[in-house]
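Remarks on the structure that follows.
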Amino acid sequence: MSPYAAGRRSVHRSVAAGVPLALLAALTVAGTAVGAPSGEARVTGSATLGDIPLGTFSNALLPGTVGDDRGVDLGGIGSDIYPAGRKGEFWTVTDRGPNGQIKVAGEKRRTFPVPGFDPAIVRIRVSGGTVKVLDAIPITTSSGKPVTGLSNQKGRDEAPYSYDASTPLSYNPNGLDTEGIVRAEDGSFWLVDEYGPSLIHVSARGKILTRYVPKGLGLTGADYRVVEALPAVLLHRKINRGFEGLAQLPGGDLVMAVQSPLSLPDTDAGEESLTTRLLRFSTKKRAVTAEYAYRFDPVSVVDPSEDDTSELKISSVVAVGRDRLLVEERTDKAARLQVVKLTRGADILGDKWDDDTTSPSLEQLDDPAASGVPVLRKRLVVDLGTVKGVPGKIEGVARVDHDTLALINDNDFGMTDGSEAFDAQGRLVDSGIETTVTYVRLPRGI
């Protein structure tokens, strides 16, 4: 039994008495290797998560949270993947839940078809071509209530609407759009979130201990401890592009990646920029201790089919040694993995680039290095877009061993944007995209 199941036997009994999560999750798919010439990266196996009704999953963890799942199955667990200590087992985390966009009167509205959904930490096992759910831990407030995935603040986050974009929903200061995950030695978890953006410390049972947010955010009304400990410049994060990648270095420090360049001084600057930021957080000092400038490759290099620079994102960062990170640059269709080394000389924390009145801003510089910015040097490890068998929208990367990576995609709970996402009865028209764990072997390792 997972050590995180201790004290939660009643949850497992309720699941077993209904429909076991592991049974619902089992779906056998061919797990054969995809052929590739010798000396090239290749897929050595893949496994797929089966259909688990989202209401069944959620209500087994927190009874009564989901009244109508609108035909949506469990998905979205591909926000990140982290080794769980046993061969083939990983910790994953959902994002904020099923959501989409529908245009009404010329404006896009953010929809939450299952507003009662509560983000969860999910332990999975990959066996052959099957992904099985072994355990699930709901993320809750200090009083044990679901945090939900609803937007936090009016005027800063997108207004939440019902599945058909017709009815406004309430904002929730507890809400989280969880992304990266790592597990600490004491069994607790660290997560990152896109709303704040924020770093969240969660107990082994899923209760939020502290949420660290940018200085000046002014988040009030949350049913857990909120500490303004992150640089105020992060208040300029692009909507839905806060923290997405999270890594745990050997010494215990955490590294968080801002998914996209900040909107500094404005949206246009962020959309056109190739420079984003990584932050180092000391779990001992409970403070940010370093900040680094990270430079994307041109979007046409990352994804030859794409010409929109704003589609570039960092979705995963993985520790691969002392002060060394594997960084995923991606679009929704392609991804490249780079290795960087975090050096003292590259630290820009507290420099003028953290001052949002600096002009031009870091994000506006066409050549930051020429302006004296110590941009992190990087080395390409693998272009996943050229590896046959790797699915799109890879958001989670885990290092299995020196030569092998485990990748997981975000299937968006089978949702698509637009009014056609649901039928006339309000039931999901599933995209058919499944959650898949894919193993990739690197001939030269990392």
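Checked by atom type, the side-chain pair R110/Y161 shows no donor-acceptor distance below 3.5 Å. Counted by atom type alone, Y195 and R96 present one or more donor-acceptor pairs between their side chains at under 3.5 Å. Judged by distance alone, the side chains of T148 and N172 do bring a donor and an acceptor atom under 3.5 Å apart. In summary, the side chains of Q338 and D297 do present a donor paired with an acceptor at a separation below 3.5 Å, with no hydrogens or angles considered.
A distance of 11.0 Å separates OG of S316 from CD1 of I408, quoted to the nearest 0.5 Å. To the nearest 0.5 Å, atom CD of residue Q259 and atom CZ of residue R237 are 11.0 Å apart. A distance of 12.0 Å separates OG1 in T178 from CG in L246, rounded to the nearest 0.5 Å. T275 OG1 to L262 CG: the interatomic distance, rounded to the nearest 0.5 Å, is 10.5 Å. Note that CE of M415 is 4.5 Å distant from OG1 of T111, once rounded to the nearest 0.5 Å. In this structure, CD on E395 lies 7.0 Å from CG on D95, to the nearest 0.5 angstrom.
Ionic pairing of R444 and D403 is not present here: no N-O contact between side-chain nitrogen and carboxylate oxygen is shorter than 4.0 angstrom. With respect to R441 and D401, no salt bridge is recorded, no charged nitrogen being found less than 4.0 Å from a carboxylate O. For the pair R70 and D423, the salt-bridge criterion is not met [side-chain N within less than 4.0 Å of a carboxylate O]. Ionic pairing of D323 and R280 is present here: one or more N-O contacts between side-chain nitrogen and carboxylate oxygen are shorter than 4.0 angstrom. The pair D332-K313 counts as a salt bridge, with a side-chain nitrogen and a carboxylate oxygen less than 4.0 angstrom apart. Note on E363 versus R277: salt bridge recorded, some NZ/NE/NH1/NH2 to OD/OE distance being below 4.0 Å.
Closest approach of P83 to R399, counting heavy atoms only: CG-O, 3.9 Å. For the pair V147 and D118, the tightest heavy-atom approach, listed with the atom from each and the gap, is N-OD1, 2.7 Å. Contact record, A47 with G128: CB-O, 3.7 Å, taken as the closest heavy-atom pair. Contact between L230 and L199 at its shortest, heavy atoms only, is CD1-N, 4.4 Å. Between L49 and L74, the shortest heavy-atom distance links the atoms CD2-O, 4.1 Å. When every heavy atom of V390 is checked against every heavy atom of I394, the shortest pair comes out as CG1-CG1, 4.0 Å.
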Q: In sequence, state the C-alpha distance, the side-chain angles, and the governing distance for F296 and I314, and then conclude on side-chain contact (heavy atoms from CB on, under 4.5 Å).
A: CA-CA 9 Å; F296 286 104; I314 292 178; 3.7 Å; yes

Q | Trace of the side chain to side chain donor-acceptor pair (under 3.5 Å) decision for E244 with S315 | A | CA-CA 5 Å; E244 182 145 311; S315 279; 2.4 Å; yes

Q. Do Y82 and F189 pass the ring-ring contact (aromatic ring centres under 6.0 Å, His included) test, and can you show the C-alpha distance, the side-chain angles, and the key distance before you say yes or no?
A. CA-CA 11 Å; Y82 189 79; F189 297 92; 8.7 Å; no

Q. Could you walk me through whether L254 and L249 pass the side-chain contact (heavy atoms from CB on, under 4.5 Å) check?
A. CA-CA 6 Å; L254 304 173; L249 298 173; over 6 Å; no

Q: For F422 and D164, run side-chain contact (heavy atoms from CB on, under 4.5 Å): C-alpha distance rounded to whole Å, both residues' side-chain angles, the deciding distance at 0.1 Å, then the answer.
A: CA-CA 8 Å; F422 292 87; D164 57 0; over 6 Å; no

Q | I433 and D412: CA distance, side-chain angles, deciding distance, side-chain contact (heavy atoms from CB on, under 4.5 Å) verdict | A | CA-CA 8 Å; I433 298 173; D412 292 318; over 6 Å; no

Q | Stepwise salt bridge (charged side-chain N to carboxylate O under 4.0 Å, His left out) check, K284 with D253 | A | CA-CA 8 Å; K284 295 178 181 178; D253 281 3; over 6 Å; no

Q | Test log, rule side chain to side chain donor-acceptor pair (under 3.5 Å), inputs T141 and D223 | A | CA-CA 6 Å; T141 69; D223 182 25; 2.7 Å; yes

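Distance alone, capped at 3.5 Å, places no donor-acceptor pair between the S300 side chain and the P304 backbone. S198 contributes no side-chain N or O that, together with a main-chain N or O of I200, makes up a donor-acceptor pair within less than 3.5 Å. Judged by distance alone, the side chain of S162 and the main-chain N or O of T167 form a donor-acceptor pair under 3.5 Å. A donor-acceptor pair under 3.5 Å is absent between the side-chain atoms of S58 and the main chain of G55, judged by distance alone. One N or O on the side chain of K378 and one on the backbone of R295 form a donor-acceptor pair closer than 3.5 Å. In terms of modelled atom types and a separation under 3.5 Å, the side chain of D410 and the main chain of S79 share no donor-acceptor contact. Judged by distance alone, with hydrogens and angles left aside, the side-chain atoms of Q153 form a donor-acceptor pair with the main-chain N or O of L217 at under 3.5 Å. The main-chain N or O of L134 is never found under 3.5 Å from a side-chain atom of R123 such that the two would form a donor-acceptor pair. Looking only at distances, a side-chain donor or acceptor of N59 sits under 3.5 Å from a matching main-chain atom of T65. Judged by distance alone, with hydrogens and angles left aside, the side-chain atoms of T94 form a donor-acceptor pair with the main-chain N or O of A120 at under 3.5 Å.
Residue-environment remark: CZ (R225) stays at or below the threshold of 12 foreign heavy atoms within 6.0 Å. For K333, the NZ atom sits in a packed shell: over 12 heavy atoms of surrounding residues, nucleotides or ligands are nearer than 6.0 Å.
Annotation: side chain of T435 is in contact with side chain of N411 (closest heavy-atom distance under 4.5 Å). Side-chain contact between K238 and S310 is present, with at least one heavy-atom pair separated by less than 4.5 Å. Proximity of R336 to R330: side-chain heavy atoms (C-beta onward) are nowhere separated by under 4.5 Å. For the pair F243/D177, no side-chain contact is recorded, criterion being any heavy-atom separation below 4.5 Å from C-beta on. At a threshold of 4.5 Å between non-hydrogen side-chain atoms, the residues D308 and E311 count as touching. The closest side-chain heavy-atom distance from S143 to Y224 is not below 4.5 Å. Side-chain contact between L405 and L326 is present, with heavy atoms from C-beta onward closer than 4.5 Å. Using a 4.5 Å heavy-atom cutoff, the side chains of Y294 and V340 are in contact.
Relative orientation of the F281 and Y212 rings is tilted, given thresholds of 30° and 60° on the angle between their planes.
Aromatic rings of F112 and Y163 (six-membered ring for Trp) have centroids beyond the 6.0 Å cut-off, not under it.
Tested against L376, the residues L342, V327, L325 include a single side chain to side chain contact (heavy atoms under 4.5 Å, CB included) partner, L342.
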